Peer 1: 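Once you've had a glance at the structure underneath, I'll fire off some questions.
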Amino acid sequence: MNNSQIATEFERLADLLEFQGANPFRIRAYRGGARVIRDSAEDIAVLARQDPGRLRQLDGIGKAVAEKCVDLVTTGEIPQLAELLQEIPASVLEILRVPGLGAKRAAMIYQHLGVDTLDALRLACESGQVRGLKGFGPKTEQTILDGLSLAAAAGQRIYWAQADELAAAIREHLSSCPSVTSLELAGSYRRGKETVGDLDILVVSESADEVMDRLAALAGCASVLLRGETKMSIRLDSGFQVDLRVVPAQSFGAALQYFTGSKEHNVAVRERARQRGLKVNEWGVFQVVDGQEDYLAGATEEEVYKALGLPCITPELRESREEFKWAEAGALPELVELCDIRGDLHMHTTATDGKASLEEMVSAARARGLEYIAITDHSKRVTMANGLDAARLRQQWSEIDRINRELRGEFTVLKGLECDILEKGGLDLPDDVLAEGDWVLASIHYGQKQSRAQITERLLEAVENPCIAAIAHPTGRLLNRRAPYELDVEALFQAVRAYGKILELNANPARLDLNDVYCAAAREQHIPIVINSDAHSVAGLDVMRYGVVQARRGGLTRNDVANARSWRELQEIVSPARDS
Ligand code: DGT
Ligand code: CA
Ligand code: CA
Ligand code: ZN
């Protein structure tokens with residue numbers, strides 16, 4: 001079991017206990033434990049097996065969590081969770097996950113209306129039964145319906161980061177088949193799409209049966225949905241689907257091209273082939289003469305595109321947006337890569353809601369080969385996170401001065417802040433304080449339901465403030481959970497451009513905010529993008545690569561990415577207020 005799987009079990013336990021109305025302290029302990037486990041750099045299963053005593057010494061892991069961890073890794077389940085699942089139908093867990101509902105309300109709806117599935121919940125809302133419950137009203141009912149649509153639209157799509165983890169496990173699992181000579185993952189996963197609907201695997205093998213038998217034996221495979229001679233689909237315990245196709249070597253490139261998609265990209269590819277008297281399908285590129293099809297190409301993607309007079313287009317760009325125009329002009333962008341990233345300009349420490357100290361973040365960033373970071377803890381309005389007031393901020397900043405002196409230029413720590421944009425407009429700390437910093441982000445945490453005009457106005461005011469370098473997670477969306485706030489993106493971009501500011505691409509796999517389309521728009525308008533981890537722990541620094549994938553989908557090159565520059569070069573764009 002990996003850390004993320006263990007954490008998920010504790011989250012389920014916390015959900016069900018909350019549903020039962022159990023002691024809030026216990027619930028919080030399990031949720032906190034889950035977070036620590038998920039973020040931990042150590043392999044919790046190994047610790048639980050070999051050194052349970054040390055497990056308890058981890059910050060945020062108490063006796064109860066430690067004991068249950070041991071149960072879980074030795075027996076495969078948490079006994080208390082198994083018992084709860086006897087009492088409460090598992091389908092209730094789905095209701096708990098409806099955005100905007102929460103465990104307490106879910107419990108009331110279950111107890112009073114007997115609602116235990118998503119369909120039943122929708123019916124109860126639509127027939128106005130829910131508003132009759134104590135503490136509920138028509139507005140709550142609408143919130144639940146909105147949440148249901150969001151959940152339905154999200155369906156079973158998972159974050160790219162989760163798909164990546166699954167893809168690695170499947171690759172590893174199938175690689176032990178001696179008959180497999182090539183293996184590639186195609187589909188939206190290969191295109192780096194922020195969420196993935198199912199995984200598509202392509203394999204070249206002498207024995208399709210061997211590969212299919214092996215896939216059926218994957219840990220977590222719940223059922224085989226379909227099995228043909230060269231084609232198979234399985235469903236995992238999580239409900240997620242995996243498709244497999246076994247193809248001949250001479251068709252591998254053509255099949256990879258076809259099943260990578262997108263559908264829209266492929267429509268354009270086929271049209272292009274038709275204009276040249278060719279035919280493209282998953283088997284290859286063919287010349288059609290008198291109804292006779294001659295195989296021209298198909299072993300590699302390069303030769304498929306070449307047969308159509310095109311350079312090989314990077315999978316991340318295959319959305320039928322600009323890629324054909326660029327390819328024809330020989331102007332495909334050289335997409336940014338993880339190794340281009342030199343700094344990380346958004347992260348938190350124990351001073352607010354981070355799990356690691358300032359020193360720990362600095363040495364972790366150095367170990368990852370970065371040249372500079374900005375410490376950007378929350379400002380005071382974000383009370384949940386114990387946000388910093390001017391005095392605590394200045395104290396942290398003088399600490400940073402001290403660290404920089406010790407580092408003697410081998411690494412740079414910037415005095416930063418994630419300054420809250422207040423609900424009523426304006427920034428959370430006065431300009432004279434902000435002006436002492438090197439790198440101040442502004443972001444919205446509260447008042448996200450305000451009107452488009454209000455939200456836009458708040459953001460524009462922040463952009464215009466000379467102390468602000470960049471806007472963090474500019475649209476506020478959370479994938480599968482929360483839509484972006486109402487916002488005039490065009491006006492925001494215009495202002496950012498006019499004032500020479502920077503926009504963040506937040507690399508957290510649940511945010512990836514800005515999205516790919518906005519990244520492309522920023523590039524077109526010459527607005528620099530900074531890709532930040534927004535790490536709240538040491539392990540949190542590693543999400544940077546998800547941001548890079550999203551940036552590539554937006555067509556960004558090294559030149560378009562602010563933190564692909566040295567801090568000295570970047571400073572020229574930032575031009576802090578105190579220089580004027
Ligand atoms: P997903 O799984 O919803 O995240 O998105 P994709 O793009 O992975 O879609 P999927 O798994 O249905 O199919 C994989 C690729 O196969 C898709 O991107 C293009 C190709 N493909 C599948 N069905 C069709 C089709 O009916 N027409 C065309 N042109 N291409 C298809
Ligand atoms: Ca797919
Ligand atoms: Ca598929
Ligand atoms: Zn943050």
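For clarity, every value in this text was computed on a predicted model and none was experimentally measured. We're numbering straight along the sequence, starting at 1. All values below were derived from every heavy atom in this structure, side-chain atoms included, with hydrogens, water molecules and symmetry-related copies excluded. Every number for a ligand or one of its atoms is a count from 1 in the order of the listing.
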Peer 1: Under 4.0 angstrom from ligand 1, any heavy atom of Asp200?
Peer 2: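 It does; at least one heavy atom falls under 4.0 Å.
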
Peer 1: Distance check, rounded to the nearest 0.5 Å: Ile341 atom CD1 versus Leu370 atom CG?
Peer 2: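 Interatomic distance, Ile341 CD1 to Leu370 CG, rounded to 0.5 Å: 9.0 Å.
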
Peer 1: Judged by non-hydrogen atoms, does Lys193 sit under 4.0 Å from ligand 1?
Peer 2: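 Contact check Lys193 vs ligand 1: negative.
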
Peer 1: What atom name does the N, O or S atom of Asp243 nearest to the Ca ion (ligand 3) carry?
Peer 2: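 It is OD2 of Asp243.
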
Peer 1: Quick one: look up the protein heavy atom nearest atom 6 (P) of ligand 1 and list residue, atom name and how far away it is.
Peer 2: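 Result for atom 6 (P) of ligand 1: Ser188 N, 3.7 Å.
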
Peer 1: Give the atom name of whichever N/O/S atom in Asp534 sits closest to the Zn ion (ligand 4).
Peer 2: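 Going through the N, O and S atoms of Asp534 one by one, OD1 ends up nearest to the Zn ion (ligand 4).
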
Peer 1: Would you say Asp243 contacts ligand 1, with heavy atoms under 4.0 Å as the rule?
Peer 2: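 Asp243: no contact with ligand 1 (<4.0 Å).
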
Peer 1: What do we get for Tyr189 next to ligand 1 when only non-hydrogen atoms under 4.0 Å count, side chain, backbone, both or neither?
Peer 2: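 Neither part.
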
Peer 1: If you measure from atom 24 (C) of ligand 1 to every heavy atom of Lys263, Arg245, Arg157, which option wins on shortest distance?
Peer 2: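 Nearest option to atom 24 (C) of ligand 1, by heavy atoms: Lys263.
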
Peer 1: Confirm or rule out an N/O/S atom of His346, from backbone or side chain, lying less than 2.8 Å from the Zn ion (ligand 4).
Peer 2: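 For His346, the answer is yes, given that an N, O or S atom comes within less than 2.8 Å of the Zn ion (ligand 4).
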
Peer 1: Checking only N/O/S atoms, does His348 have one that is under 2.8 Å from the Zn ion (ligand 4)?
Peer 2: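 Yes, since at least one N, O or S atom of His348 sits under 2.8 Å from the Zn ion (ligand 4).
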
Peer 1: I need the contact type for Thr260 against ligand 1. Using non-hydrogen atoms and a strict under-4.0 Å cut-off, is it side chain, backbone, both or neither?
Peer 2: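 Answer for Thr260: backbone.
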
Peer 1: Does the protein place any heavy atom closer than 4.0 Å to atom 28 (C) of ligand 1?
Peer 2: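 Yes; the ligand atom in question has protein heavy-atom contact below 4.0 Å.
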
Peer 1: Just go through Val269, Asp198, Asn266 and tell me whose heavy atom is the nearest to atom 11 (O) of ligand 1.
Peer 2: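 When every heavy atom of Val269, Asp198, Asn266 is considered, Asp198 comes closest to atom 11 (O) of ligand 1.
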
Peer 1: Ion pair present between Arg321 and Asp516, side-chain N to carboxylate O less than 4.0 angstrom?
Peer 2: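 Yes, Arg321 and Asp516 are salt-bridged.
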
Peer 1: If the contact criterion is a heavy-atom separation under 4.0 Å, does Arg270 count as touching ligand 1?
Peer 2: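 The answer is yes: ligand 1 sits under 4.0 Å from a heavy atom of Arg270.
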
Peer 1: Give the atoms of ligand 1, by number and element, whose distance to some non-hydrogen atom of Gly197 is under 4.0 Å.
Peer 2: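 The list of qualifying atoms is 1 (P), 2 (O), 3 (O), 4 (O).
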
Peer 1: Check Glu319 with Arg191, please: is the shortest side-chain N to carboxylate O separation under 4.0 Å?
Peer 2: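 Glu319 and Arg191: salt-bridged.
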
Peer 1: Got the closest protein heavy atom to atom 18 (O) of ligand 1, with its distance?
Peer 2: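 Protein heavy atom with the smallest distance to atom 18 (O) of ligand 1: Gly261 CA, 3.2 Å.
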
Peer 1: Considering only the protein, which heavy-atom contact is closest to atom 21 (N) of ligand 1, and what is its distance?
Peer 2: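 The closest heavy atom on the protein side is Tyr258 CE2, 4.1 Å.
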
Peer 1: Please indicate, with yes or no, if any protein heavy atom is found under 4.0 Å from atom 9 (O) of ligand 1?
Peer 2: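 Neighbour list for atom 9 (O) of ligand 1 is empty of protein heavy atoms (cut-off 4.0 Å).
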
Peer 1: Does any N or O in the side chain of Arg477 come within less than 3.5 Å of the main-chain N or O of Tyr485, such that one atom is a donor and the other an acceptor?
Peer 2: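 The answer is no, because no donor-acceptor pair under 3.5 Å joins these two groups.
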
Peer 1: Which of the N/O/S atoms in Asp200 sits closest to the Ca ion (ligand 3)?
Peer 2: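 Answer by atom name: OD1.
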
Peer 1: Donor-acceptor check, side chain of Ser262 to backbone of Arg318, threshold 3.5 angstrom: yes or no?
Peer 2: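 Looks like yes, one N/O pair under 3.5 Å.
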
